[in-house]
Every structure is written in C-alpha cells, then in structure tokens.
Number of protein chains: 2
Amino acid sequence: MFRGFTTLSVDSKGRMAIPSRYRERLMELADGALVLTLNPLDHSLWLYPLTEWELIEAKLAALSDFDRQSRRAKQMMRGYACDCQLDSQGRILLPVELRDYASIGKQVVILGQGNKFELWDETCWKQQRDEWLQEVGNDNGQPSDTLKTLSL
Amino acid sequence: MFRGFTTLSVDSKGRMAIPSRYRERLMELADGALVLTLNPLDHSLWLYPLTEWELIEAKLAALSDFDRQSRRAKQMMRGYACDCQLDSQGRILLPVELRDYASIGKQVVILGQGNKFELWDETCWKQQRDEWLQEVGNDNGQPSDTLKTLSL
DNA sequence: GGGAATTGTGGGTAAATGTGGGTAATCAGA
DNA sequence: TCTGATTACCCACATTTACCCACAATTCCC
C-alpha cells in the first residue's frame, strides 16, 4: 500500500515525476499504467495504478443511472479519468483540465493513500491541512458517529 | 471500456473528430459503426459502438409499453437513434436535431462512460459539473444510501 | 568528506493528432 | 430531368504530444 508525502514540481509541459520509491511497485502492479481522475470530495486529484482503478470502475458501473447522485459520481469520476503512462524518466503528464480543477501550479504535493495517491497544489494543501487541524483542535467540528468509536 | 475527457470542436459542417485513442477500439468492436442518440436523463447525447447499442436496443425492447416511463424511454432513445460511421479522418457527423437537443455549439466535451460516450456542449457541461461539485462540497446534498457506503 | 550513482528537472525534435476547407458524389424535391 | 442542398472524400496546416538527450541536485557509499 502507498503512504508518505513528497513535494514535486510540474514543468512547463505539465509533467510531474513520480517519486522513485514508488516506481518499482507501479511497474509490478500494472506495468506503469496509471489512471488519474478528480477527487470529487476535495479539489484534488486521485492517481490509481490501472489494476486498482479497474476495481473502482466496477464499483461505479454498478451504480444506477436513475439515482441522480450516483449518475453524477459516475460521470465525474469516469468522465475525468485519464490514462497515464510512466515515461522513460518516470514522469506522467497531467492534462490541463485536471490541473485546472485542482488549481495545480508549479509545486505539487503527492500523498500516498493506500490503494491510490492524492495530488494537491502545494498552497491549497497547506491551507486545507491547517483548516482541518484547527477544526479538530477546536472541537467545533463534531466527529461523525463512525469516528467516535475509532481508536488510532 | 471507455473513460476520459476530451474537448473537441464541431466544424461548420457539424462534424466532430473522435479522439484517436478510441479509434482502434471502435474499429475492432464494430468496424467504426456507431449509434448516436439522446440521453433522456440529461440534455446530452450518448454514442454507442453499434455492437453495444444492439444490447441496449434489446433491453429497451423488453420494457413494457404499459409503464409510462418505460414507453417514453423507448420512444426517445430508439426514435432519435442515428447511425454514424467514422469517416476516413476519424470524424462523425452530428445530425442537426441531436445537436439542438443538447444545445451543442462549437465546443463539445466527450466523456468516456464505460460502454458508451457522453457528448455535452462545453458550456452546459461546465455548469452541470460545478453545480454537482458544489452540492457534494456543501454537505447539503445528502449522499444517497448507495453512496454512503462507497469507498473509492 | 569526496566521488559515483541515482533522481528530479528542463528542453529540442519528429511524429501524430485535431481542425479547416475545397471539390466531387449523392440525395431529395420540384 | 434539373436544381439545390447535403454528405463523403481528399489535402493542407497548426498544434500538441511522445520520445530523446542533457544537466543539476541529491543521495549513497566508500
């Protein structure tokens, strides 16, 4: 499973290097084939190895078209899913639309998140992180029922 | 299966290029034969490879004429279904009636959606997308029960 | 601490792709 | 049968993308 944090830069062509410690695993899993899509819950991107994405796609395909929320989730996640391939330098190309969606500028943060990675614009990530930390610290944000019983 | 997002332009003759990464698959599946029809759930269009459409047509044929919603779905989807063929440049011609239904102007968005593609006017799509993202972000729109248990 | 290998970054070039428009063939209506 | 409109095919251009090589920075090892 993927974990950890890296800051990377996006070059003028919109390319981003994948940290080398993940590359071997990515080659094993799907020969470097990746799927990048938007994270509809935050303004960030999700990056799956192709094999992991196929599981997600199956879950999405099972959702009904007649439930509006489900339909939108399918449209967004599948619609924006983009096939990427590690190039010979271990980089991937981030399509303009996805960069825009996540306001990705020159510096990117990549977070290992289990079966996938999460990509944030560096500035956005810092804001988000600080906001969330403050919420938790303040006890304003009531934890949801599931979290109330969670021991870490 | 199809996924991904592309912005394309419709030329003065009403033609639209199919992104090249899909063309080979489309030739394999049905020799470039496609069926374009309206999406009765949104004001957009659905584009099926002929072989996939035939499955849909069978499903539609099985729906009862005495259920009003089913009857309408049959009428609309079958009635507006239009045969298209990839031309030598990998383009298809969008009939005027369907372009009107989806308010398709100069710029079109094509979304891969599993067994089919979804075609939107670019402006309409952006509106749709932003509305939905806001709903999800605000936590107002309660996720439907299926979504509540969905881990991505 | 110094040298070598690995990793991250930048950019040039050639091929592929998307776009536009001219011209010939086809079709429908009068 | 003639005429006008629509559709299919062809060629040409501009942009984008993929592939390649090169350098800078970092890490690792002796």
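Model, not experiment: these values are computed from the prediction. So you know, we letter chains A, B, ... as the sequences are listed, proteins then strands, and number each from 1.
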Which part of the nucleic acid does B/Arg23 contact within heavy-atom distance under 4.0 Å: base, sugar-phosphate only, or nothing? sugar-phosphate
Please report the distance, rounded to the nearest Å, between CD in A/Gln89 and P in C/dT7. 13 Å
B/Leu98, B/Trp46: one ILVMFWY side-chain cluster at the under-4.5 Å cut-off? no
Criterion salt bridge (charged side-chain N to carboxylate O under 4.0 Å, His left out) on B/Arg21 and A/Asp83, from CA distance to verdict: CA-CA 10 Å; B/Arg21 62 177 185 274; A/Asp83 284 283; 5.7 Å; no
Between A/Tyr101 and A/Leu119, is there a shared hydrophobic cluster once you connect ILVMFWY residues whose side-chain heavy atoms come closer than 4.5 Å? yes
Tell me whether the side-chain N/O atoms of A/Lys106 come closer than 4.0 Å to OP1 or OP2 in C/dG10. yes
When you measure from the side-chain N and O atoms of B/Ser9 to the phosphate of C/dG20, is any distance below 4.0 Å, counting only OP1 and OP2? yes
Calculate the interatomic distance between A/Arg21 atom CZ and D/dC28 atom C1'; express it in whole Å. 16 Å
Just N and O in the side chain of A/Ser20: are any of them under 4.0 Å from OP1 or OP2 of C/dT6? no
Between C/dG8, D/dC10, C/dG18, spot the one nearest the side chain of B/Arg15, thanks. D/dC10
Any link between B/Leu47 and B/Trp53 through a network of hydrophobic side chains (Ile, Leu, Val, Met, Phe, Trp, Tyr) touching at under 4.5 Å? no
May I ask you to say what B/Ile92 touches in the nucleic acid, namely base, sugar-phosphate or nothing, with a heavy-atom cut-off under 4.0 Å? nothing
